[in-house]
Every structure is written in structure tokens, then in C-alpha cells.
Number of protein chains: 2
Amino acid sequence: MAQEPRPEEIPTLDQARYQIRRYGLDVDPQAVLVAVRLMAAGARLGQAVEVHFSRFGLSAGRYRLLADLEDADGEKSPSQLAASLGVSRATVTGLLDGLERDGLVLRRPSAEDGRSAVVVLTARGARKMRELAPEHFGRLQAMVDPLSAEERTVFLDLLGRLVRGIPALTQD
Amino acid sequence: MAQEPRPEEIPTLDQARYQIRRYGLDVDPQAVLVAVRLMAAGARLGQAVEVHFSRFGLSAGRYRLLADLEDADGEKSPSQLAASLGVSRATVTGLLDGLERDGLVLRRPSAEDGRSAVVVLTARGARKMRELAPEHFGRLQAMVDPLSAEERTVFLDLLGRLVRGIPALTQD
DNA sequence: AGCATTTGATTAGTCTCCTAACTATATGGG
DNA sequence: CCCATATAGTTAGGAGACTAATCAAATGCT
């Protein structure tokens with residue numbers, strides 16, 4: 001009776017070992033496993049988050065934009081939003097199209113700079129954020145509940161150091 | 001001179017605190033930070049991985065499909081691929097279209113089941129995997145290098161427990 | 001044996017993200 | 001002062017993922 005690996009244990013260490021051995025490489029399978037599991041976890045979490053936000057008629061990107069706007073007291077240019085969200089300006093244009101259609105934000109031309117726009121959080125947008133906050137943050141907390149306070153600190157440290165290693169994937 | 005937070009430290013604990021306080025919620029800001037940083041890390045890693053694979057004319061999804069096919073000794077049905085990759089069959093159809101166009105796999109009708117197809121890794125597909133393996137695994141290892149062996153073990157444990165908590169975002 | 005259900009694969013349509021190209025406005029060096 | 005360059009925003013087109021609908025083949029229940 002083969003023990004099926006649980007989805008959070010996919011991919012397995014053995015898979016990593018086989019793949020490395022197949023090419024006769026001198027690589028630490030556990031290091032590969034860390035990288036691959038983090039990718040898998042990111043993808044799974046990303047999908048779950050989209051499902052979560054769809055309950056409120058939002059996507060992860062739209063929620064993040066609204067939250068960022070609220071952090072900025074309700075006004076910010078699309079370029080600034082793109083920079084703080086870490087997405088392209090084209091993506092912000094798309095997010096704003098949806099949010100404006102739903103009446104959660106509106107675009108005003110900037111007074112100082114004729115090229116620029118100002119995105120304003122509407123009353124309806126603020127209300128939406130207020131309404132979904134308890135459930136949203138409650139579920140985030142529930143997700144992280146299995147970790148103790150010390151474990152959370154350790155996790156943030158280790159994750160930060162991995163994120164700092166990401167450029168190794170892409171540089172020169 | 002305000003110290004700009006480094007990108008791996010975005011979002012900050014203060015941002016989480018403000019957002020929670022704004023709605024008068026009783027939530028642990030550090031727990032929220034863990035959730036939000038993991039999402040951000042997943043997104044960043046996902047993008048970096050796409051850049052990484054684009055050097056070889058592949059995407060992350062196509063690479064994973066090829067690797068899975070190789071683990072299965074070069075033959076598998078699209079449905080099996082979808083199940084083991086954790087994506088929909090429609091997604092596999094799209095990945096196979098690209099891979100077949102590039103001559104890395106081919107589709108044969110199944111002998112046993114007239115509805116089914118068999119995806120076969122071509123010699124060219126196997127060669128591609130062999131060629132990219134050293135750089136691919138080397139870069140993965142470089143990314144994880146900042147963590148010691150013990151830290152990797154701890155990280156895998158904590159990450160696994162967080163992944164097990166993901167359903168809290170979506171259930172009922 | 002025949003018909004309903006299930007399963008495998010594809011297609012169509014949506015969503016988010018990307019890059020590249022375009023338009024309009026601002027800025028700064030000669 | 002004017003023209004080159006840079007910046008803001010949008011548009012166009014692509015890739016990967018999803019769901020839902022479709023079609024063919026296999027299974028299985030009477």
C-alpha cells in the first residue's frame with residue numbers, strides 16, 4: 001500500500017534526487033526541494049487568495065491596489081501605485097478599469113502634471129474595504145495559526161533570506 | 001533621511017499594523033505579515049522563474065510538464081499530467097500545444113483507450129532537458145545557498161504547516 | 001443489448017500579468 | 001527658445017491559468 005504523498009509534500013525529496021542524479025549533477029537535493037516547494041506553495045497560495053477575494057467581487061490585485069490607496073489616504077497616481085504594488089503600469093491601468101467600473105475608485109486628471117492622473121478611493125470603495133476587513137484578516141490569521149509567535153519570526157527571517165537569493169535565478 | 005525598506009521587507013509590519021488598526025480589529029499583525037510576505041515572495045519567485053526559463057525558450061509550466069514526463073520515463077496521458085502538475089486539463093492542452101509546436105513532445109493516440117492520448121518526450125525534448133539541467137539546478141542551489149542545512153529543514157517544516165493552513169482562506 | 005453516466009481531451013471565453021509601441025506632456029541642454 | 005529626451009498613461013497583443021461547454025469513447029446498470 002503505497003503511502004500517497006500529501007499535496008503539501010509535493011514535490012518529494014526523492015523526485016528531486018532522481019532528477020539531479022539523472023543528469024549526474026553535484027547539487028544538494030534538499031536545496032532544490034526548498035526552491036521547488038516554495039514555488040509550489042506560492043502558486044497554491046496565489047490561487048487560494050484569488051478564490052478568497054472573489055467572494056467579495058475582487059481579485060488579489062484589485063484588493064492590493066485598494067489597500068495601497070487607503071494607506072496613502074485615498075489618493076495616488078497610477079505610476080506610484082505600480083511602483084508600490086510592484087506591477088507594471090499597464091497592469092495598473094487594467095486594475096483601475098475594473099475598479100472604476102465597479103465604482104470603487106475614480107480617476108481625476110492631476111492639477112500639477114498634465115500627463116498624470118490621480119486615483120481616488122470612493123466612499124463605496126472605502127465601505128467595501130471596511131466590510132471585508134474582518135473576514136479577510138480573520139482568515140489570514142487562521143492560515144498562520146499553526147505557527148507559534150517564535151516560529152513566525154523564524155519563518156520571516158528565513159523567507160527574507162530566500163527572497164534575497166531570488167536574483168540568483170535571473171542575473172547575467 | 002527615511003530608510004527605504006528593501007523589497008524583501010515589503011510589506012512592512014507597520015503597514016500591517018495600520019491596516020488592522022484602521023478597522024479596529026483584534027488580529028496579530030505579525031500573523032498577517034507572514035501571510036502577506038509569503039504571497040509577495042511567491043509572486044516574486046514566480047516572475048523570476050519565468051524569466052529564468054525564458055532563457056531556454058520554456059516557461060515554468062512547460063518545464064514542469066517535461067520534468068514530470070521524464071520522471072514517468074517519457075510517456076504519460078494529458079489527464080495524468082494535469083493531476084500530477086496540479087493544473088486543469090485545459091491548461092495541459094495549452095502547454096502541450098506549445099511543446100509539440102517546438103518539437104519537444106508529441107501526442108500519440110492511446111492503444112488501450114480510444115479517448116485518451118499518450119504524450120511522448122521526443123529526443124529533442126530530452127536533449128533540451130539535459131542541456132538546461134546544470135544551469136537550472138545550479139541557480140536553484142545558489143538561490144537557497146544563504147540557508148544552512150538545518151535552516152532548510154526548519155523552513156520546509158514551517159512552510160509545510162503554512163501550506164496546510166491555506167484551506168482556511170477558502171473553506172465554507 | 002441498450003441507454004445513461006462517466007471520463008478524456010479540446011474549445012471558447014475570462015482573468016491577471018507581462019512587454020512593446022504609441023500619445024501627450026514636461027523638462028533641460030545648447 | 002527649441003528640440004531631444006524622459007515620463008505618465010493607455011493600447012495592443014501574448015502567455016498561463018481558470019471554468020464551462022462540447023464531443024467522443026468507455027463503463028455499467030438493468
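Each chain gets a letter, A, B and so on, in the order the sequences are listed, and its residues count up from 1. All values below come from the heavy atoms of this structure, side chains included, with hydrogens, waters and symmetry mates left out.
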Heavy atoms, side chains only, cut-off 4.5 Å: are [X] and [Y] in contact?
X: A:Pro78; Y: A:Arg89; value: no
X: B:Leu121; Y: B:Asp73; value: no
X: A:Leu159; Y: A:Leu38; value: yes
X: B:Arg152; Y: A:Asp28; value: yes
X: A:Leu169; Y: B:Leu140; value: yes

Please report, rounded to the nearest Å, how far the [atom2] atom of [N] is from the [atom1] atom of [X].
X: B:His52; N: C:dC18; atom1: NE2; atom2: C1'; result: 19 Å
X: B:Glu50; N: D:dA17; atom1: CD; atom2: P; result: 7 Å
X: B:Gln47; N: D:dG16; atom1: CD; atom2: P; result: 15 Å
X: B:Glu100; N: C:dA9; atom1: CD; atom2: C1'; result: 13 Å
X: A:Phe53; N: C:dC15; atom1: CZ; atom2: C1'; result: 16 Å
X: B:Leu85; N: D:dA17; atom1: CG; atom2: P; result: 9 Å
X: B:Arg44; N: C:dC17; atom1: CZ; atom2: C1'; result: 16 Å

- Message: Under 4.0 Å between a side-chain nitrogen and a carboxylate oxygen: does that hold for B:Arg107 and B:Asp97?
- Response: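 Salt bridge between B:Arg107 and B:Asp97, a charged N being under 4.0 Å from a carboxylate O: yes.
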- Message: Here's a test of your reading of the structure: between A:Gly86 and A:Glu112, which maps to the more 5' nucleotide of DNA chain C?
- Response: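 Looking at the nearest nucleotide for each, A:Gly86 comes out on the 5' side.
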- Task: Could you tell me how the ring of A:Phe53 sits relative to the ring of A:His136: parallel (under 30°), tilted (30 to 60°) or perpendicular (over 60°)?
- Result: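 The rings of A:Phe53 and A:His136 sit tilted, inter-plane angle from 30° to 60°.
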- Tell me whether the OP1 or OP2 atom of D:dC18 has a side-chain N or O from B:Thr91 closer than 4.0 Å.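 Checking D:dC18 against B:Thr91, a side-chain N or O does come within under 4.0 Å of OP1 or OP2.
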- Task: Would you tell me if any nitrogen or oxygen in the side chain of A:Ser88 comes within less than 4.0 Å of OP1 or OP2 on C:dC17?
- Result: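 For C:dC17, OP1/OP2 do not have a side-chain N/O of A:Ser88 under 4.0 Å.
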- Query: Which heavy atom in B:Leu147 sits nearest to a heavy atom in A:Arg161, and how many Å separate them?
  - Reply: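 Shortest heavy-atom separation between B:Leu147 and A:Arg161 comes out as CD1-CB, 3.9 Å.
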- Where along nucleotides 4-10 of chain D does protein come under 4.0 Å, by heavy atom, of base (B) or sugar-phosphate alone (S), with - for untouched nucleotides? ---BBBB
- Message: Using a heavy-atom cut-off of 4.0 Å across all strands, would you classify B:Gly94 as base, sugar-phosphate, or nothing?
- Response: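 B:Gly94: no heavy atom of the nucleic acid under 4.0 Å.
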Can you give me every donor-acceptor pair (side chain of residues 126-133 of chain A, partner residue at least two apart or in another chain, under 3.5 Å) with its distance?
residue, atom, partner, partner atom, Å
A:Lys128, NZ, A:Phe56, O, 2.8

- Item | Residues within residues 58-65 of chain A bordering DNA chain D, heavy-atom distance below 4.0 Å |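 Those residues whose heavy atoms fall under 4.0 Å from DNA chain D, taken from residues 58-65 of chain A, amount to none.
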